[in-house]
Number of protein chains: 2
Amino acid sequence: MTQNKTYKMTVCPMTYVLEILGDKWSFLIIRDMLFRGCCRYKHFIESEEGVATNILANRLKSLTNHGLITQCKDPQNGRQKLYHLTDKGLDLIPSILQLVKWSGHHDPNSILSEKIMHYLDDRFDEAVAIVRQQYLEACQQDAPVTDCHRFG
Amino acid sequence: MTQNKTYKMTVCPMTYVLEILGDKWSFLIIRDMLFRGCCRYKHFIESEEGVATNILANRLKSLTNHGLITQCKDPQNGRQKLYHLTDKGLDLIPSILQLVKWSGHHDPNSILSEKIMHYLDDRFDEAVAIVRQQYLEACQQDAPVTDCHRFG
DNA sequence: GGGAATTACTTTCAAATTGCAAGTTATAGA
DNA sequence: TCTATAACTTGCAATTTGAAAGTAATTCCC
């Protein structure tokens with residue numbers, strides 16, 4: 001799917017999301033940031049699914065252009081860049097947790113604990129708030145390894 | 001993305017969903033069924049985004065194999081097939097409505113009415129129930145053109 | 001201060017996937 | 001029986017992906 005194509009009038013809500021997130025890797029990048037504390041190029045490359053470096057660069061650019069993430073130089077180390085979710089990106093948490101919840105119910109090999117499923121089933125808004133909160137805290141600490149990996 | 005590849009142990013909830021829905025067309029097929037009343041091959045082909053016939057056939061097979069939709073002969077007309085969402089497929093409504101809601105907030109060209117956004121923002125569970133209900137009713141009537149196009 | 005190492009990419013090219021157009025098969029209706 | 005229609009399948013060119021190798025800009029280490 002072309003990620004950086006010229007703008008096309010969106011004819012329905014779904015086409016807008018799918019233009020931005022209608023491929024596997026964009027979603028996984030967001031997941032890695034939210035649940036795995038990834039904020040550097042290297043982190044994403046090391047992630048278990050194994051993105052190709054060119055695809056990663058392409059998607060990071062696309063997500064940046066669409067305003068879901070920001071890039072900045074690491075003030076501690078000029079040869080590194082830091083990637084962070086914007087508010088627009090963070091607003092995807094409910095969507096992502098619904099997808100996680102769906103997997104929890106329908107994936108026969110689901111690894112989600114009962115406790116997590118309980119949160120997603122009965123205290124969804126709370127789960128959203130927790131994931132958001134933990135992400136923001138982890139970012140402030142410059143060591144964004146959150147406890148939220150148990151969700152995603 | 002290969003849709004019919006051999007089974008791979010899912011390492012996290014997201015990979016399970018993305019293996020099934022990690023491409024634009026699968027999502028659009030579900031949307032067409034939910035919000036546009038599509039239940040025949042022809043309907044999907046006529047949909048505004050313009051799927052290629054081979055891609056459509058591939059995705060319908062994939063979604064069937066993954067248990068999100070079912071295929072059956074139209075009892076009224078033996079040369080037509082009917083496609084319907086299963087419970088597993090219907091359970092995607094919350095995920096899809098969250099994505100629609102996100103678009104409503106962030107797509108500068110959003111066409112969603114205030115009334116719809118109010119439902120999604122403040123009465124989300126109700127919106128899910130309405131979409132599900134209307135889909136099921138429309139299917140029973142064999143003329144599945146629902147009022148829900150206003151959502152998706 | 002200079003060479004090696006590291007990080008974040010870009011480039012190249014083969015392989016896989018997509019999309020368009022042109023069949024093909026099965027059933028229906030006249 | 002002849003024609004039309006619905007649901008595909010096939011062939012092929014064009015696009016996208018993925019693996020590997022290369023490059024530029026720091027930073028580390030002696």
Side-chain angles (χ1 to χ4, degrees), chain A residues 1-6 8 15 18-29 32-33 37-65 69-84 142-144, chain B residues 1-6 8 15 18-29 32-33 37-65 69-84 142-144:
Chain A
M1 208 158 317
T2 310
Q3 294 294 317
N4 299 320
K5 64 182 156 192
T6 53
K8 193 192 144 202
T15 54
L18 294 178
E19 217 178 284
I20 302 176
L21 294 167
D23 84 302
K24 183 177 139 178
W25 295 119
S26 301
F27 255 118
L28 286 178
I29 288 170
D32 282 346
M33 297 179 81
C38 294
C39 62
R40 296 189 162 85
Y41 198 87
K42 190 176 59 160
H43 295 159
F44 296 110
I45 291 291
E46 287 164 354
S47 192
E48 57 199 329
E49 280 87 4
V51 218
T53 61
N54 52 347
I55 304 293
L56 178 59
N58 175 290
R59 295 303 192 277
L60 286 172
K61 198 179 295 177
S62 163
L63 290 172
T64 306
N65 290 342
I69 65 177
T70 52
Q71 311 188 4
C72 65
K73 256 195 182 177
D74 184 346
Q76 316 294 295
N77 186 335
R79 75 186 155 185
Q80 296 198 342
K81 258 190 193 175
L82 292 174
Y83 298 92
H84 290 299
D142 198 12
Chain B
M1 206 158 315
T2 310
Q3 292 296 315
N4 299 318
K5 64 182 159 195
T6 54
K8 193 191 144 200
T15 55
L18 293 179
E19 218 178 283
I20 303 176
L21 294 167
D23 85 300
K24 182 177 141 179
W25 295 118
S26 302
F27 255 117
L28 285 177
I29 288 170
D32 281 347
M33 296 179 82
C38 294
C39 63
R40 296 189 161 86
Y41 199 86
K42 191 177 55 159
H43 294 159
F44 297 110
I45 291 291
E46 288 164 355
S47 192
E48 57 198 330
E49 279 87 5
V51 218
T53 61
N54 53 345
I55 304 293
L56 177 60
N58 175 290
R59 295 302 192 277
L60 286 172
K61 199 180 293 176
S62 163
L63 290 172
T64 305
N65 291 341
I69 65 176
T70 52
Q71 312 188 4
C72 66
K73 256 194 181 178
D74 183 347
Q76 315 294 296
N77 185 334
R79 75 185 155 184
Q80 297 197 341
K81 259 190 192 174
L82 292 174
Y83 298 93
H84 290 299
D142 197 14

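Worth saying up front: this structure is predicted, and the values here are computed from it rather than measured.
- Between Ile55(B) atom CD1 and dT10(D) atom P there is a gap of 14 Å when expressed in whole angstrom units.
- Contact check, Arg59(A) against dT17(D): a side-chain N or O comes under 4.0 Å of OP1 or OP2.
- Distance CG (Asn58(B)) to P (dA16(C)): 16 Å, rounded to an integer number of Å.
- In this structure, Leu60(B) places its CG atom 10 Å from C1' of dA7(D), rounding to the nearest Å.
- Looking only at side-chain heavy atoms (C-beta outward), Val51(A) and Leu28(A) stay at 4.5 Å or farther from each other.
- One N or O on the side chain of Thr64(B) and one on the backbone of Leu60(B) form a donor-acceptor pair closer than 3.5 Å.
- Rounded to an integer number of Å, the gap from CD of Gln80(B) to P of dA4(D) is 18 Å.
- The side chain of Trp25(B) contributes an N or O atom lying less than 4.0 Å from OP1 or OP2 of dG19(C).
- Nearest to the side-chain atoms of Ala52(B) among the listed nucleotides dC20(C), dA6(D), dA8(C) stands dC20(C).
- We find that CZ of Arg40(B) is positioned 16 Å from P of dT27(C), with the value rounded to whole Å.
- Among the nucleotides dG19(C), dG18(D), dA21(D), the one closest to the side chain of Thr53(A) is dA21(D).
- Between the side chain of Tyr41(A) and the backbone N or O of Thr53(A), at least one donor-acceptor pair lies under 3.5 Å.
- Inter-residue side-chain proximity for Leu82(B) and Lys73(B) is flagged as unmet; no heavy-atom pair is nearer than 4.5 Å.
- As a whole-Å value, the separation of Tyr41(B) OH from dA26(C) P is 16 Å.
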**Item:** Sequence-aligned protein contact record of nucleotides 23-30 of chain D, with B where the base is within under 4.0 Å of a protein heavy atom and S where only the sugar-phosphate is
**Value:** ---BBS--

**Request:** Evaluate the criterion salt bridge (charged side-chain N to carboxylate O under 4.0 Å, His left out) for residue pair Arg40(B) and Asp74(B); output intermediate values, then yes/no.
**Result:** CA-CA 9 Å; Arg40(B) 296 189 161 86; Asp74(B) 183 347; 2.4 Å; yes

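- Across dT10(C), dT10(D), dT17(D), the shortest atom-to-atom separation from the side chain of Asn54(B) is found for dT10(D).
- In this entry the distance linking NZ of Lys61(A) with P of dA8(C) reads 15 Å, nearest Å.
- Screening Arg59(B), His84(B), Lys61(B), Met33(B) for a side-chain contact (heavy atoms from CB on, under 4.5 Å) involving Ile69(B) leaves a single residue, Met33(B).
- With 3.5 Å as the limit, one finds a donor-acceptor pair spanning the side chains of Ser26(A) and Asp23(A).
- Per the geometry, CZ belonging to Phe44(B) stands 12 Å off C1' belonging to dA7(D), to the nearest Å.
- Taking 4.0 angstrom as the limit, Lys81(A) places none of its side-chain polar atoms (N or O) nearer than this to OP1 or OP2 of dA8(C).
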